[in-house]
Protein chains: 2
Amino acid sequence: MKKVEELIKLFKSKDLKITPQRLGIFKVLEGNATHPSAESIYNEIRQVYPTISFTTVYKTLEVLESLGEILKITIDAGRKYFDPNTIPHHHIICSQCNMIADVNEGLEELKLPNEILDKFTPSRYDISFYGTCKQCA
Amino acid sequence: MKKVEELIKLFKSKDLKITPQRLGIFKVLEGNATHPSAESIYNEIRQVYPTISFTTVYKTLEVLESLGEILKITIDAGRKYFDPNTIPHHHIICSQCNMIADVNEGLEELKLPNEILDKFTPSRYDISFYGTCKQCA
DNA sequence: CTGTGTGCAAAACGTTTGCATGCCT
DNA sequence: AGGCATGCAAACGTTTTGCACACAG
C-alpha cells in the first residue's frame, strides 16, 4: 500500500473522497504487518473515531482492494484478513496464537509437475507455513 | 482417509455408532478428490438419503476430522472444504470456476530464512497455486 | 435398555446490502 | 449544489448449538 500522502492523492485523482474515517483506516493500515481482520481494524479506529461503523470499514477496505492497494488473505475460513503489503510474499502462522508473520525471502521459484501444467495455467502461488512462535513455545 | 471398511472398524473400536447417515458420508468421501464443501456433501447424500440434515453432515465431518481421517482446507474465506486425502500435498485452484486439484509431486523441500526460524518452529506448509484450468481457458 | 446420533429450529458469526442522511469537494 | 460516503438495520450464507426424539449397540 502507498503511503497515506500518496493514497490521498490517488483517491482525489479518482474523485474518491477523503473522509476522517478513511484517513483513520489508511493510518491503521500504513506499514501494518499484523494482517488485521476487519474487526481489529474497526476496534483500532474506534479508539480515535468512536462513531465509525463496520460498514464503512468494509466499504473502504473494498475500495482499497479494488485499487490494488491491499490484498485479502485467506488463512482461515470464516474470517478475512487484509494485507497492505502487496509485494508477493508468503506467511507463517502460529498454530497456538494465530499470529501471522511475513516470509519474504529464501524461496526459490517453484516448478509444477507436467501432470498439472497439462491441465492448468498457473499464475501465482501462496505458501502458508504453520508452526509455533517463540512466545507460544 | 481410510477405506469405508476400516473406518467402520475404527468407529466401532471407539464406541462410535455406525448409522446409515454416517455410512453415506463415508462413501461420498472415499477416494473423493474434489475437495467438497459441507453443502456439496449434503447434496450428494440427499440423493440416496433424502432426510439427512446439515447438522448430521457437520457433526460427522467434525468426528472424522478429530480422528485425523479428513482435513479442513482453507481456500476461500466464507466456506470450508474437506479433504479425505490426509497425505501432505498442495492445491491448485482455478480462478474462474474454483475447481481445486491436488498437487502431489515435483516440489522440493522448502527452506525458510533464518530470520523466520529465529521466531518460529515450522511444522508444515500448504501451497495454494492459482491459475486457469483447461476448460476455462 | 442406555446413551450416542439425529434433525429441527434457532442462534451465532462475519460479511454484505438497502436506504435515508451527512458531508466532502 | 451535487453526489459520493456514512451508518443503521436488516439480510445473507455458512456453521454451530440446544433440545427432544430415535435408534444402534
Side-chain angles (χ1 to χ4, degrees), chain A residues 4 7-28 35-46 48-67 69-82 98, chain B residues 4 7-26 28 35-46 48-67 69-83 98:
Chain A
V4 171
L7 224 42
I8 292 173
K9 282 183 203 159
L10 175 68
F11 267 57
K12 289 192 173 166
S13 79
K14 304 227 175 232
D15 283 317
L16 295 166
K17 290 175 183 166
I18 301 299
T19 63
Q21 292 93 328
R22 285 183 168 175
L23 220 68
I25 294 169
F26 296 172
K27 285 178 189 158
V28 169
H35 312 84
S37 62
E39 190 185 13
S40 58
I41 294 167
Y42 171 70
N43 286 333
E44 201 167 330
I45 294 173
R46 265 208 307 183
V48 293
Y49 200 103
T51 60
I52 198 169
S53 69
F54 255 110
T55 309
T56 300
V57 173
Y58 277 113
K59 291 222 172 117
T60 299
L61 290 169
E62 195 186 324
V63 173
L64 285 169
E65 196 198 1
S66 72
L67 292 173
E69 293 297 322
I70 61 173
L71 296 173
K72 247 180 224 150
I73 62 178
T74 299
I75 293 293
D76 89 271
R79 202 184 209 84
K80 289 170 185 163
Y81 298 91
F82 299 89
N98 296 311
Chain B
V4 172
L7 224 42
I8 293 172
K9 281 183 204 161
L10 175 68
F11 268 57
K12 290 193 172 165
S13 79
K14 305 227 174 232
D15 282 316
L16 295 166
K17 291 175 182 165
I18 301 299
T19 62
Q21 291 92 327
R22 285 181 168 177
L23 223 78
I25 295 169
F26 296 172
V28 168
H35 313 83
S37 62
E39 189 185 14
S40 57
I41 294 167
Y42 171 69
N43 286 333
E44 201 167 328
I45 293 172
R46 265 209 306 183
V48 294
Y49 199 103
T51 59
I52 198 170
S53 70
F54 255 110
T55 310
T56 299
V57 172
Y58 276 112
K59 292 226 171 113
T60 299
L61 289 169
E62 194 186 325
V63 173
L64 285 169
E65 197 198 0
S66 72
L67 293 171
E69 293 297 322
I70 60 174
L71 296 173
K72 246 180 225 149
I73 62 177
T74 299
I75 293 294
D76 89 271
R79 203 187 208 85
K80 288 168 186 165
Y81 298 90
F82 298 89
D83 196 340
N98 295 312

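Throughout, a chain's letter reflects where its sequence line sits, starting with A, and its residues are numbered from 1. Only a predicted model underlies this, so the values are computations on that prediction, with no experimental measurement involved.
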| Rounded to the nearest 0.5 Å, what separation is found between the CD1 atom of A:Ile52 and the CG atom of A:Asn43? | 11.0 Å
| request: Examine distances only and state if a side-chain atom of A:Arg22 and a backbone atom of A:Thr60 form a donor-acceptor pair shorter than 3.5 Å. | output: no
| Atom-pair distance (CD1 on B:Ile25; C1' on C:dG5), nearest Å | 11 Å
| task | Can you measure from CD (B:Glu65) to NZ (B:Lys80) and round to the nearest 0.5 angstrom? | result | 8.5 Å
| field | Separation of C:dT6 P from B:Leu61 CG (nearest whole Å) | value | 11 Å
| message | OP1 or OP2 of C:dC23 versus the side-chain N and O atoms of A:Gln21: is any pair under 4.0 Å? | response | no
| query | To the nearest 10 degrees, what angle separates the axes at the start and end of the helix from C:dC1-D:dG25 to C:dT25-D:dA1, five pairs each? | reply | 30°
| note | When rounded to whole Å, the CD1 to P distance for the pair A:Ile45 and D:dG7 reads 10 Å
| For B:Arg22 and C:dT6, is the shortest distance between a side-chain N/O and OP1 or OP2 below 4.0 Å? | yes
| request: Summarise protein proximity over nucleotides 12-25 of chain D in one line of letters, 5' to 3': B for base, S for sugar-phosphate only, - for none, counting protein heavy atoms closer than 4.0 Å. | output: --SBBB------BS
| For atom CG of A:Leu23 and atom C1' of D:dA5, their distance in whole Å | 14 Å
| task | Quick one: pull up CG in A:Leu61 and CD1 in A:Ile70 and give me the separation to the nearest 0.5 Å. | result | 4.5 Å
